[in-house]
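Chain letters run A, B, ... following the sequence lines, proteins first, then strands; residues in each count from 1.
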Amino acid sequence: MSTEARESLNFIEQIIVEDIQNGKHGGSVYTRFPPEPNGFLHVGHCRAIVLNFDLGLKYNGKTNLRMDDTNPTTEKTDYVDNIKNDIKWLGYEWDGDVLYSSDYFEQLYDYAVVLIKKGLAYVDDSTAEEMAAMKGDTTTPGSNSPFRDRSIEENITLFAGMRAGEFPDGTRVLRAKIDMAAPNLLLRDPVLYRIKHEHHHRTGDEWCIYPLYDFAHGQSDSIEGITHSLCSLEFRHHRDVYNWLIEKLEIFPSRQIEFARMNVSYMITSKRKLLKLVEEGLVTGWDDPRMPTIAGMRRRGYPAQAIVDFCRGIGLTKRDNVIEIERLEYHVRQELNKSADRVMAVLDPLKVVITNYPEGQVEMLETVNNPEDENSASREIPFSREIYIERGDFKTEAPNRKYFRMAPGRNVRLKSAYILHCESYDTDPATGEVTTVYCTYYPDSKSGEDTSGVKAKGTLHFVSVGQAIEAEVRMYDRLFTDAEPTSHEDKDFLEFFNEESLKTITAYVEPSLSKAKAGEGVQFMRLGYFAADEDTTEAKPVFNQTVTLKGSYKP
RNA sequence: AGACCUAUGGUGUAAUUGGCAACACAGCAGAUUUUGGUUCUGUCGUUCUAAGUUCGAGUCUUAGUAGGUCUACCA
């Protein structure tokens, strides 16, 4: 047994291990993933999902899934269902039932009353504008609201009135009484409750006041006994409010720890901006294969395991980062290389006639489904006198010695078939475009039983003209022309929308592909990985390009 | 301008917590290959700056510089 290299822990795990060693919370580790159900989950969320659920698994704890649904204006049940589905698809299970911040509304209300009774919260009649004006700024302290010193009794009455629906939206709020001169602006009497006469996706019309993030998130953590509440860096300043509330309410002391969220080049993770792409019709929906959403990546053909491995492999720190998308694609290829069947598809067909092959004859050739998988079976593909090869695999003149595809006078092997000798070609007199290539084949060069002694450096994929079926293939490119489309202060991210991010073509594919099942990933030999789309039918298969093969050929 | 956070190859992270700066991705070169894929080998290249503490600093201290976050009745 070799001694393993010491495992290096990220800064959050170091804290957790230390807490366990100190017996904090009896050594338990409870985490949670708290999405707001106002959009689809995206790559950025994947990092948080993997982090939280892995921690729960690794340290024998549990991980809750909690919908942070305190804003009825933007939240929908439809989003809840998609979020649940996406997390399951990634392979994770949350502890017990899905939880909702809205389940705690009554408890939260009671907490607010406790605060009022302690003289630590008050109802403010100021308008939003007045409150902003009294807030001060980074260099000047704020000033106290004229309503700050209302009596506890009056505050209780007014707050009850707010709940009872006695006041219109925006007329009053409940604020914590902290410090209007605090250097942290969030500590300048943060708003805890606002009035919103709106229908909530779960509580219906039961409430017309709703708690804000600062008065819902930390308390929900506490109610659930979350020991380590992990969130992204921008919540750093909220931690002071989070801790203040825990202290004053004397509730379970969850600990908030911030980490830098993950950014991936050419992808955006702003739900608002993603929504805009959907609303403006630049993509077909939240699950468009170009979208950096989990639903989009799934439809694109990215295996869940690839996404999880990617998230695990990039580490965790507090510095801003942009991970090159190539790294995600590396994991996608690695996963698909192991699992995807190799199939024949010609995207840009050029007809080849094998002049010494009998007319009308169709031969079935055996080919292995996946050379990377020992347990992989074989199947048969048709071969005949007329085939299609990739137009890019033929040149009227071989450019150099390093070129080993098809050109007049050259030999080239057809995958799982015969070696061809290229004789001549026809061109369209009008355009000069090559229309047909003529070859002869070596009958004794059949794959697996080659006795010809003929050498061919290159191997091409092909489909038999008579048996090939047409398929719709959606070729995808990066959604944006800039690696960080949202980082330009002077330009809107939509200016970088890649108009060529989708090209739909008709390809010729081997007959077995009519039975492709939606979601199934295959490798189009020598071209890339493709996944059958949900639109696929037996009569008209539809494939999404997942990612190209790496490709090191330089003409 | 203030408070807070951050700074290690092109990118992302390590560095046994003060002891020879390494791993992965990307790039480049080569070997193997009935996929110019996979696999394998080699190669390129790194501690923001300046002082200080120390036998010794990527790590500790101070100052500076750069980037980020914060002044929503969003989360």
Taking the chi torsion of U43(B), is it syn (within 90° of 0) or anti (everything else)?
anti
Taking N and O atoms by type only, does the side chain of Gln334(A) place a donor or acceptor under 3.5 Å from a partner on the base of U38(B)?
no
Arg236(A) side chain near U69(B) phosphate (N/O to OP1/OP2, under 4.0 Å)
no
Assess whether one donor atom and one acceptor atom, taken from the side chain of His461(A) and the base of U35(B), lie less than 3.5 Å apart.
no
Arg327(A): partners by salt bridge (charged side-chain N to carboxylate O under 4.0 Å, His left out), with sequence neighbours left out:
none
Grab the two heavy atoms, one from Met297(A) and one from Ile307(A), that are nearest each other, plus how far apart they are.
CE-CD1, 4.0 Å
Once you apply a heavy-atom cut-off of 4.0 Å, does Ser126(A) come out as touching a base, just sugar-phosphate, or nothing?
base
With no angle test and no hydrogens, is the base of A24(B) tied to the side chain of His331(A) by a donor-acceptor pair under 3.5 Å?
no
Rounded C1' spacing from C48(B) to U6(B) in Å
12 Å
Parallel, tilted or perpendicular for Phe40(A) and Trp286(A), by the 30°/60° rule?
parallel
Do the side-chain N or O atoms of Arg194(A) get closer than 4.0 angstrom to the phosphate oxygens (OP1, OP2) of A75(B)?
yes
Please report the distance, rounded to the nearest Å, between NE2 in His237(A) and P in C5(B).
9 Å
What residues, two or more places apart in sequence or in another chain, satisfy side-chain hydrogen bond (donor to acceptor under 3.5 Å, both in side chains) together with Tyr109(A)?
none
Quick check on U13(B): is either OP1 or OP2 less than 4.0 Å from any side-chain nitrogen or oxygen of Thr317(A)?
yes
List every contact pair, protein side and nucleotides 43-47 of chain B side both N or O, where the distance is under 3.5 Å.
none

Out of G12(B), G2(B), U38(B), whichever nucleotide has its closest atom nearest the side chain of Ile314(A)
G12(B)
What integer number of Å spans the P atoms of A51(B) and A72(B)?
43 Å
Quote, to the nearest angstrom, the C1' distance that separates G18(B) from G58(B).
11 Å
With respect to the side chain of Thr139(A), which nucleotide from A15(B), A1(B), U34(B) is positioned closest?
A1(B)
Salt bridge check: are Arg32(A) and Glu224(A) linked by an N-O gap of less than 4.0 Å?
no
Test side-chain hydrogen bond (donor to acceptor under 3.5 Å, both in side chains) applied to Tyr418(A) - qualifying residues, sequence neighbours left out
Glu363(A)
Of all pairs that satisfy salt bridge (charged side-chain N to carboxylate O under 4.0 Å, His left out), the ones with a partner from residues 173-187 of chain A, not counting sequence neighbours:
Asp124(A)-Arg175(A)
Is Glu510(A) paired with Arg379(A) through a side-chain N to carboxylate O contact shorter than 4.0 Å?
yes
Filtered N/O pairs between nucleotides 26-29 of chain B and protein, under 3.5 Å:
unit_1, atom_1, unit_2, atom_2, d
G27(B), OP2, Lys550(A), NZ, 3.2

RNA chain B in dot-bracket, Watson-Crick or G-U pairs under 3.5 Å, [ ] crossing, | other strand?
.((((((..((((.....[..)))).(((((.......)))))....(((((..]....))))))))))).....
Looking at Asp477(A), Asp482(A), Val322(A), Ile325(A), which hits side-chain contact (heavy atoms from CB on, under 4.5 Å) with Tyr266(A)?
Ile325(A)
Does Arg342(A) put a side-chain nitrogen or oxygen below 4.0 Å from OP1 or OP2 of U34(B)?
no
Heavy-atom contacts under 4.0 Å between residues 185-192 of chain A and RNA chain B, which residues?
Leu185(A), Val191(A)
Do any side-chain nitrogens or oxygens of Arg526(A) fall under 4.0 Å of OP1 or OP2 in G36(B)?
yes
Looking at Arg319(A) and U6(B), is any side-chain donor or acceptor paired with a base atom of the opposite kind under 3.5 Å?
no
Whole angstroms only, please: what is the CD1-C1' distance between Ile381(A) and U34(B)?
12 Å
Give a yes or no on whether the ring-centroid distance for Tyr213(A) and Phe235(A) is below 6.0 angstrom.
yes
So, does the side chain of Glu234(A) form a donor-acceptor pair with the base of G68(B) at under 3.5 Å?
no
Lys/Arg N to Asp/Glu carboxylate O, Asp54(A) vs Arg312(A), below 4.0 Å
yes
Counterpart residues, salt bridge (charged side-chain N to carboxylate O under 4.0 Å, His left out), relative to Glu13(A) (two or more places apart)
Lys58(A)
Take atom C1' in A24(B) and the same atom in G9(B), then report the distance between them in whole Å.
12 Å
Interatomic distance at P, U54(B) relative to G12(B), whole Å:
36 Å
Taking the six-membered ring of Tyr122(A) as reference, does the NZ or CZ atom of Arg150(A) fall below 6.0 Å from its centre and within a 45° cone about the axis?
no
Counting heavy atoms from C-beta on, name the nucleotide in G12(B), U35(B), U38(B) closest to the side chain of Ile323(A).
G12(B)
Counting only heavy atoms and a strict 4.0 angstrom limit, can you tell me which residues of residues 66-74 of chain A come near RNA chain B?
Asp68(A), Thr70(A), Asn71(A)
If the condition is salt bridge (charged side-chain N to carboxylate O under 4.0 Å, His left out), which residues does Arg319(A) pass it with, not counting sequence neighbours?
none
Could you list the residues that satisfy side-chain hydrogen bond (donor to acceptor under 3.5 Å, both in side chains) with Arg391(A), not counting sequence neighbours?
none
Is it true that Asp169(A) and Arg194(A) make a salt bridge, defined as a side-chain N closer than 4.0 Å to a carboxylate O?
no
Thinking salt bridges, do Arg202(A) and Asp103(A) make one under a 4.0 Å N-O criterion?
yes
Confirm from the modelled atom types if Thr138(A) and A1(B) form a donor-acceptor pair under 3.5 Å, side chain to base only.
yes
